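Quantities reported herein were computed from a predicted structural model and do not represent experimental measurements. In what follows, chains are A, B, ... by sequence order, proteins preceding strands, each numbered from 1.
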Amino acid sequence: MTEEKTAAEQCDEACEANERIQEELKFSKIKVKPVKLTGEINIPDLNPNAMLGVKAQLLTAKEMLEHLGYPADGLIPNWKEVFLRKMDEMLKKYRSVKLFMDICVKCGACVDKCHYYLGTGDPLNMPVARAELMRKVYRRYFTLPGKLFGSRFVNGSDLTEELLVTWYTYFYQCSECRRCSVFCPYGIDTAEITMAAREILNSVGLVQKYLHEIIFKAQTAGNNLGMQQNAIINALEFVQDDLQEQLEMDNIRVPIDEEGAEVLFVTPSADFFASPHIESLYGYAKVFHQAGISWTMSTHASEGGNFGLFIHNYEHMKKINKRIWEAARDLKVKRVVGGECGHMWRVLCNYSNTMWGPFDYLDPKYKRPQHICELTNDLLNRGALKIDKSANEEFIVTMHDSCQVARAMEMGGMPNGQFEIPRAVIRGVCEKFVDMPEATIRERTFCCGAGQGLLGDDMMATRVKGAMPRMQAYHYAKQESGVNFVALICAICKAQLSKMFPAYGIAMEEVGGIHQLVGRAIVLGAKESV
Amino acid sequence: MINGIKFMIDMYVSGIVYAACLVFAAGFLCKIYFGYYKTPQPLKIPQTPQPTTLSGVIMRMAGDVLFFRSLAKGTTLLFIAGWVFHFTFLLMIIRHLRYFVHPVPGFLVALGNGALAIASLLMVALIILFVRRFMDKKVNYVSSFADYFVLLLIMGIVQSGIMLHYERFRPNVVEVKAFMLELMELKTPFLVMIMHPHHAPGNPLFITHLSLVALLLIYFPFSKLMHAGGYFFSPTRNMINNAREVRYINPWDKG
Ligand code: SF4
Ligand code: SF4
Ligand code: SF4
């Protein structure tokens, strides 16, 4: 009798805890004003709790949560236990996480390197402070002095609901861009810590909506938009018709599921119809057409991106990645090429081989997946494409290095190829190219402000604030050199910047993909010899 | 009575030296082996600039360790103060080898001539680091007691060391060296265990200096000082960027 009562009471308490958390994390619309553009990136003063109110929406769709293997009813009753168990697992499975808990000396080299700190002044957006959120729990529960003498002694944190709220807030204000890690004397990569923290939050039932909805769609439908096969086919046919009409050519194609093509091409599904993404799709089609390379896209692997990367849940990422691996085999292609997408490049080229083994059924000449910029650059170098640069005459172009490319994976098999090859492509098709200030490009590039799961409309406040450094840098180049076009190689960057440009008072048309420029400059049908 | 105090001092000095060395060595090695080496790294996450060869990675890490290259990209003041601190600290440690080797090689004697200047520079660097940590609002925000504690501890070591240099406080150097050489003999720990320690120099400032060093060594494995060994295991720094050419196996997913 008494036992029953306690059980009921306990549930009450747990349900209440969940209700409190849901209330705390409730999304509320926050309007923020973009700063005035001056071309300078100033380091703001500390402004504690400036961004505490920004909460990413929680995922509540039970079917999705169950599919992903996360609790379906919000915060679970025994969350502390599960939290620590998951954290222990992270510490044992990821050397990065374990090591980075230990070796930070709080030197402060990273404090002013995060675009979210620069944009908001919120101290918890300083990379080291963000990582400290986890380190405090680590010291309290995973070190001997912490276990013996408690959190005060080791400057740790006990598990409380407040801590959950802070974690959820600030680990969803990190775009895992790894800029901080460039400057850290030990290469401490806050992104790794954020990924682990997100998975720990998932395990206790605090699952962010935008990011995990996409993981679900990518696993079930094969693309981030959740389009079914016929919808993809329709969309691509539409693109093809459009292209044929525009160019008045009926042999240029956007093939889908064509067995025996030479290239399997994967790209973010946003390229199928979002703007300006679609312009790059035209560009890819023209490159393949003009180079005479037969290619195909796949309905099974209709997505280049892989949001599984953004949380330390290896299985999610692996499952999504497998579709590409399978499609390549089923379609009997000779090589795999990836389109313009930041983190795709990292997963497809860096991790595919680890997760599913080499694409060893491909042509031995192309054992590894290629980037479309590698392919185009190669063709340009060989003179296989006829280019009329004057088609881009109106543009003075600059390039935003997408952080997941810039700081994760080389191109062309040489260090720094990820900077040189895309620039070479732009220079190959445009007359005027100018870089933004050195501290904002290449390995030091700033994130666009919406990467790695922060592109949802619910994140508008952080998106606007986080875009500040990039916007200032672009403004600077515009003032100094009259730049009027920023070329991108990332679908998220494109979506983010084409929204941020107007917000900061710059025309949306100044945002586009590199292959948009390539597409404009290619002279079709004018092939002499290859 | 005098003998009793003498005995306790001898026991204390010998004891802390052995305890400190033991805790440091065991703690450091355990952390490195079980904490870092044995923990798997599932994916390759090298950070730009990403060398594609082993020699490239070695060069990169050497640049980080010897010249603080990553740090140099950020704040100049921290880079200079940090580098001077580490470098002069290293020189001072090397200089102290003269108490442990016999005969003393020429370069150590030479180093001895510059010792005061080096130690002063070390102190200046420490003061800059301390003041910066305190004054810079952002760094202050992320600093906790432990961060100031280490700086103060090392300052204490350096200050007592500098003072030992002066006639007024100077211990009998011959005695110190003899004691150190005795401590390094294999049988000495056993003698200490059966309460027959060697005769230790009784200079109070020297004992303070030694105690602080012992404290630093004991604190080392449980603190952020582990960055010294940990750096070499940092996956963003020590991995070769060749995942496309050579398959990297995830240790817990060999499938
Ligand atoms: S730069 Fe690295 S070591 Fe320094 S505070 Fe930041 S994370 Fe810690
Ligand atoms: S990874 Fe990027 S977003 Fe995250 S803390 Fe570092 S700089 Fe900021
Ligand atoms: S969206 Fe682009 S800039 Fe932003 S994090 Fe991703 S790759 Fe980086």
Side-chain angles (χ1 to χ4, degrees), chain A residues 43 45-46 91-96 98-100 102-113 123 126 128-129 132 143-145 155 178 181-189 192 314 318 349-351 353-355 357-358 367-369 406-410 413-416 418 442-444, chain B residues 31 35-37 39-52 56 64 68 70-71 73-75 78-79 82 132-133 136-139 141-147 150 222 224-228 230-231 233-238 241-250 252-253 255:
Chain A
I43 298 169
D45 285 333
L46 295 184
L91 290 166
K92 294 206 167 103
K93 275 184 159 175
Y94 291 86
R95 178 188 297 165
S96 49
K98 166 80 189 161
L99 187 77
F100 297 157
D102 267 356
I103 64 172
C104 169
V105 298
K106 312 222 209 93
C107 67
C110 61
V111 288
D112 52 0
K113 302 299 183 286
M126 298 191 290
V128 44
E132 261 322 270
T143 65
L144 192 63
N155 181 29
R178 311 176 88 206
S181 130
V182 170
F183 300 90
C184 173
Y186 321 117
I188 291 175
D189 186 354
E192 290 287 309
Y314 193 76
K318 201 170 159 176
C349 300
N350 218 349
Y351 302 160
N353 201 358
T354 297
M355 292 189 289
K367 267 190 310 213
R368 41 187 248 173
R407 290 189 278 264
M409 186 69 201
E410 111 297 337
M414 55 179 185
N416 296 332
Q418 74 270 45
R442 296 175 185 260
E443 65 171 359
R444 300 179 200 195
Chain B
K31 274 248 153 139
Y36 312 149
Y37 176 71
T39 309
Q41 173 57 33
L43 293 164
K44 279 210 163 177
I45 55 167
Q47 167 74 273
T48 322
Q50 303 134 319
T52 45
D64 261 355
F68 291 18
S70 300
L71 197 54
K73 291 175 190 169
T75 45
L78 175 64
F79 162 63
R132 172 181 173 273
R133 191 173 280 290
D136 185 316
K137 288 211 181 72
K138 296 184 288 306
V139 189
Y141 180 92
V142 296
S143 300
S144 63
F145 174 72
D147 303 304
V150 192
F222 305 101
K224 66 176 190 177
L225 298 175
M226 280 309 292
H227 70 271
Y231 170 80
F233 295 86
S234 180
T236 56
R237 296 291 187 259
N238 76 357
N241 191 9
N242 59 357
R244 283 199 287 186
E245 279 72 32
V246 186
R247 185 175 185 202
Y248 175 76
I249 304 284
N250 175 355
W252 43 265
D253 182 41

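Between A:Asp102 and B:Tyr36, the closest side-chain pair of non-hydrogen atoms falls below 4.5 Å. A 4.5 Å side-chain heavy-atom check between A:Val182 and B:Gln47 finds at least one atom pair inside the cut-off. The shortest side-chain heavy-atom distance between B:Pro42 and A:Tyr94 falls under the 4.5 Å cut-off. Annotation: side chain of B:Leu43 is in contact with side chain of A:Tyr314 (closest heavy-atom distance under 4.5 Å). You'll find the side chain of B:Thr236 stays beyond 4.5 Å of the side chain of A:Glu192, heavy atoms only. Using a 4.5 Å heavy-atom threshold, the side chains of B:Ile45 and A:Tyr351 count as touching. Counting heavy atoms from C-beta on, the side chains of B:Pro235 and A:Leu99 come closer than 4.5 Å.
Every salt bridge (Lys or Arg N to Asp or Glu O under 4.0 Å) that A:Glu443 has, sequence neighbours left out, goes to B:Lys73. Looking at residues two or more places apart in sequence or on another chain, you find a side-chain hydrogen bond (donor to acceptor under 3.5 Å, both in side chains) between B:Asp147 and A:Lys106, B:Ser144, B:Lys224.
Using a 4.5 Å cut-off between heavy atoms, B:Asn250 contacts chain A through both its backbone and its side chain. Only the backbone of B:Val246 comes within less than 4.5 Å of a heavy atom of chain A; no side-chain atom from C-beta onward does. The contact between B:Arg237 and chain A is made entirely by side chain atoms (from C-beta outward), counting heavy-atom distances below 4.5 Å. Contacts between B:Tyr141 and chain A at a heavy-atom distance below 4.5 Å involve the side chain alone, from C-beta outward. Residue B:Leu225: no heavy atom, backbone or side chain, is found under 4.5 Å from chain A.
Of the listed residues (B:Phe233, B:Phe145, B:Phe68), the greatest number of heavy-atom pairs within a distance under 4.5 Å of chain A belongs to B:Phe233. If you tally non-hydrogen atom pairs under 4.5 Å between each of A:Pro145, A:Pro123, A:Gly108 and chain B, the highest count goes to A:Pro123.
Applying side-chain contact (heavy atoms from CB on, under 4.5 Å) to A:Asn353 and the options B:Lys44, B:Glu245, B:Arg247 leaves one that passes, B:Arg247.
Between B:Lys138 and A:Asp112 there is no salt bridge, since no side-chain N of the basic residue sits under 4.0 Å from a carboxylate O of the acidic one.
Closest approach of B:Thr52 and A:Pro415 over heavy atoms only: OG1-CD, 3.9 Å.
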